[in-house]
Each structure stands twice: as C-alpha cells, then as structure tokens.
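Take a look at the structure set out below.
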Amino acid sequence: MTVEERFNAKNAAGFYTQQDDVFGRIAARYNILSDLFSIGIHRLWKRRVARLIARESWSQLLDCATGTGDIILRVIHRKKLEPHQTIIASDISPQMLAIAQQRLKSETKIVFQVLDAHSIPEIATASVDLYSISLGLKICEREQVLQEVMRVLRPGGRLVVLEASNIPWTWLHDLYLKYMHICMPVIGWIATRGDTSAYKYLLNGIEKFPSAEALADEILSLGFVDVSFQRLSLGIVAIHIARKPY
Ligand SMILES: C[S@@+](CC[C@H](N)C(=O)[O-])C[C@H]1O[C@@H](n2cnc3c(N)ncnc32)[C@H](O)[C@@H]1O
C-alpha cells in the first residue's frame, strides 16, 4: 500500500513512519512535548486509561504504540502485577521504546518489542486479553490496525483506545481547533527547534480523526461488540472500549 493509499484508507494524520521518522527524532523530547501540547492534561487522560486497564481482568496486556511507556507506567503504579500477568510494550520506533524500557526497567514482567501496529504476526492469534493503544490510532491506518486487534485478542478480550475526538458543541470544537492552529506551531517550533513534522501530524490527526460516535461505528462494523466511549476534557479526547465476541 502506498503512503497516499494509506492516507485515503483512514489514516487521519497522513503519517507513515517509514517516510518520516518523526518519533525517532523527537523521542528524547516526547514527554516534555506531551506536557506542552496538552498543558499537562494528557496525564489525566492516561491516568483514566490506566485505571480502566487495572480494573479489567487480564493475563496478557499488549500496549501498542506505547511510546515512552506512559500508560504502562501508570498501570503498574496503580496495581502491582499479579504472578500470572505479563505486558508487551510495543512501538514502531526503537528510540521511543528504548526510553520506555529505561523507565520501566524495575518491572521484570514486561517484554519490549518493536512492532508495526498494522501487522503484528509476532503476536499469536487469540493470545491477548487486553489491547490498548493511546494517542496512536490517528497516525495509523485504523481499519488495518483494528483488524489486527481483532485477530490477536482472545474471544471476550478487550480493546481500549485513547484518542483525539470531538467536542460535541461545534462552535467550541471550531474554537479549540483555531486555538490549536495558532498555539501548536508556536510551541512546536520552539520545542522541536523547527521540526515542523511533529505538530503537522498532530494537527492533521486531530482535525481528521472521526467523531467519538463515528469511531464507535467503525469499531462495531469491524465485528467488535459492547462498544462504548467516554469523552474526557469536554470531548477533546475520548476513550473507546470494545470487546471481541466469544
Ligand atoms: C503520540 S505517541 C503516543 C505514545 C504513547 N502511547 C502515549 O500515550 O504517550 C504515538 C506513538 O505511536 C508510535 N507509532 C507510530 N506509528 C506506529 C505504528 N505503525 N505501529 C506502532 N507504533 C507506531 C510512535 O512511534 C509513537 O511512539
């Protein structure tokens, strides 16, 4: 599939890492950029995701596009892993994953794997109890990723997605996008020392990612059941939860 075909095939940000290794370049600054771009609010979103994950019953958790390991860090801070629990932390960027590995080095039951979420033959079919992806789906071809999720989840397994979403009041959403268009290039330019890719993809992804309702429909149409979502921060992001049928 060409880069352009991927973009048309529901890759909201039009991002393709083989073409632009932006995360490899910004890995060392990713955590500070997350704080700057979201004025620290991403911490609350991730705490909520970690709470959801910690509440679920799972033996094998796969956190795809794990980045610097923010979600897993919060999961293991909430609840000590039980003897039967293991985690796969995966990301397409070895540089991001290396930082995750460094931050999570005290936990021995985490396996780190460089994986492209679009195709993960390294993960056995029906082997994962819970698959999470946070702030990664908008830079991937959604349908392809979700089909892989369906394959690797065991029947009854859960999907948890944190992603950009829509504020239900259109005027407020438009205002938010205007604010992002003004602030992000300024903050991004300074923080990345002129690396425009980092915020170009983010802006594109935020603008073009489907509404919470539309994403729920997409997830349903791919065969998941019990699909629900909760909006956070007025709807700037949403957490979608779904289950693979038994
Ligand atoms: C915005 S960061 C999110 C990181 C982390 N989940 C968080 O919430 O902070 C997106 C991550 O997705 C990774 N990524 C991009 N394309 C990917 C792909 N095709 N497969 C797996 N990871 C990918 C990037 O390397 C980056 O670490």
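FYI, side chains are in, hydrogens and waters are out, and symmetry mates aren't considered; it's all heavy atoms of this structure. Remember, it's 1-based here, ligands and their atoms both numbered in the order they're listed.
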Subject >> Check against side chain to side chain donor-acceptor pair (under 3.5 Å), T66 and D91 >> reply: CA-CA 6 Å; T66 197; D91 198 280; over 6 Å; no
**OP:** Any chance you could lay out the side chain to side chain donor-acceptor pair (under 3.5 Å) test for R48 and Q230, step after step, and finish with the verdict?
**Re:** CA-CA 10 Å; R48 186 75 73 91; Q230 45 182 281; 2.7 Å; yes
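For the atom pair CG (D116) and SG (C64), the distance works out to 8.5 Å, reported to the nearest 0.5 Å.
Contact annotation: for C140 versus ligand 1, heavy atoms closer than 4.0 Å belong to the side chain alone. In L115, the part holding a heavy atom less than 4.0 Å from any atom of ligand 1 is the backbone.
Each of the atoms 19 (N) of ligand 1 lies under 4.0 Å from some heavy atom of H118. Less than 4.0 angstrom separates some heavy atom of A117 from each of these atoms of ligand 1: 18 (C), 19 (N), 20 (N), 21 (C). Every atom of ligand 1 with a heavy atom of M96 under 4.0 Å away is listed here by number and element: 27 (O). In the vicinity of D116, heavy-atom distances shorter than 4.0 Å reach the ligand 1 atoms 18 (C), 19 (N), 20 (N). Of all the atoms in ligand 1, the ones that sit under 4.0 Å from a non-hydrogen atom of S134 are 3 (C), 5 (C), 6 (N), 7 (C), 8 (O). Every atom of ligand 1 is numbered from 1 in the order shown, and the set under 4.0 Å from a heavy atom of I139 is 10 (C), 12 (O), 15 (C). Residue K46 has at least one heavy-atom neighbour below 4.0 Å for each of these atoms of ligand 1: 7 (C), 8 (O), 9 (O). Which parts of ligand 1 touch G67 is read off a 4.0 Å heavy-atom cut-off, strictly below it: atoms 4 (C), 27 (O).
For a threshold of 3.5 Å applied to N or O pairs, the pair formed by Y30 and ligand 1 contains at least one separation below that value. Annotation: G136 places no N or O atom under 3.5 Å from an N or O atom of ligand 1; distance criterion only.
Of all heavy-atom pairs spanning N166 and H173, the tightest one is CA-CE1, 3.5 Å.
Side-chain atoms of R231 and S165 include no donor-acceptor pair closer than 3.5 Å.
Contact check for V128 versus R154: no side-chain heavy atoms found under the 4.5 Å cut-off. The side-chain heavy atoms of D70 and R103, taken from C-beta on, include a pair separated by under 4.5 Å. For the pair R158 and S57, the minimum side-chain heavy-atom distance is 4.5 Å or more.
Nearest-heavy-atom check against atom 25 (O) of ligand 1 across L97, D91, V145 picks out D91.
A search for ring pair (Phe, Tyr, Trp, His ring centres under 6.0 Å) contacts involving H42 returns nothing, not counting sequence neighbours.
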